[in-house]
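Data first, discussion second: the structure below is written as structure tokens.
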Amino acid sequence: MSTYSEVLSQVQSLTPDEQQQLLVVLSALMRDRVRSKTQGKRSEIDAALIEMAQDPEYQAQVLQMEAEFAVASWEALEFGESPV
């Protein structure tokens, strides 16, 4: 396999049109790689969220937090509506 400096030297010997074409191809390869990596992470997150939504213990914790913050949320809403 070629080293970076060998590849760079070869690229420098290309015509400007060939260099432009190479940039287009490299950009497409990088977009695909990033998209693939991002999609994999997104799938992991979606799976975790589905699991959380189906977990009775998690649902109980959410309800408890909602109850604990209910007064503060109501006070914040009232404060936001009152003239300062």
Side-chain angles (χ1 to χ4, degrees):
M1 177 148 195
S2 299
T3 64
Y4 175 82
S5 58
E6 290 171 333
V7 171
L8 180 59
S9 176
Q10 291 173 358
V11 168
Q12 290 171 334
S13 69
L14 296 174
T15 66
D17 286 342
E18 292 170 328
Q19 289 177 351
Q20 181 67 31
Q21 184 179 3
L22 179 61
L23 282 173
V24 169
V25 171
L26 288 173
S27 295
L29 287 171
M30 290 305 299
R31 266 194 311 277
D32 290 346
R33 180 176 287 184
V34 168
R35 187 178 299 129
S36 174
K37 192 174 189 177
T38 302
Q39 185 60 38
K41 296 255 187 228
R42 181 174 291 162
S43 296
E44 289 176 28
I45 292 169
D46 288 347
L49 289 173
I50 290 170
E51 187 176 323
M52 289 168 59
Q54 296 172 348
D55 182 358
E57 186 176 321
Y58 174 78
Q59 293 299 320
Q61 289 176 346
V62 168
L63 291 174
Q64 180 182 352
M65 286 188 290
E66 285 179 355
E68 291 172 359
F69 284 98
V71 173
S73 295
W74 181 252
E75 288 173 350
L77 179 64
E78 287 181 325
F79 180 74
E81 292 178 353
S82 65
V84 177

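Numbers here simply count residues along the sequence, with the first being 1. None of these values were measured; they are calculated from a predicted model.
- Applying the side chain to side chain donor-acceptor pair (under 3.5 Å) criterion to S36, with sequence neighbours excluded, gives no partner residue.
- The CD1 atom of I45 sits 8.5 Å away from the CZ atom of R42 when rounded to the nearest 0.5 Å.
- Under the rule for a side-chain contact (heavy atoms from CB on, under 4.5 Å), the partners of T15 that lie at least two apart in sequence or sit in another chain are D17, E18.
- Dense packing is recorded around CD of E68, with more than 12 heavy atoms of other residues, nucleotides or ligands lying under 6.0 Å away.
- When the side chains of ILVMFWY residues are joined at heavy-atom separations under 4.5 Å, either directly or via intervening members, V7 and L26 end up in a single hydrophobic cluster.
- Note on V25: it does not cluster hydrophobically with Y4, by side-chain heavy-atom contacts below 4.5 Å among ILVMFWY residues.
- Atom CD in Q10 sits 10.0 Å away from atom OG in S5 (nearest 0.5 Å).
- The shortest distance between side-chain heavy atoms of K37 and R33 does not fall below 4.5 Å.
- Taken together through direct or relayed side-chain contacts under 4.5 Å among Ile, Leu, Val, Met, Phe, Trp and Tyr, L29 and L22 form part of one hydrophobic cluster.
- Of all heavy-atom pairs between Q59 and M52, the closest is NE2-O, 3.6 Å.
- At distances below 3.5 Å, at least one donor-acceptor pair connects side-chain atoms of S43 with backbone N or O atoms of Q39.
- Sparse packing is recorded around CD of E57, with 12 or fewer heavy atoms of other residues, nucleotides or ligands lying under 6.0 Å away.
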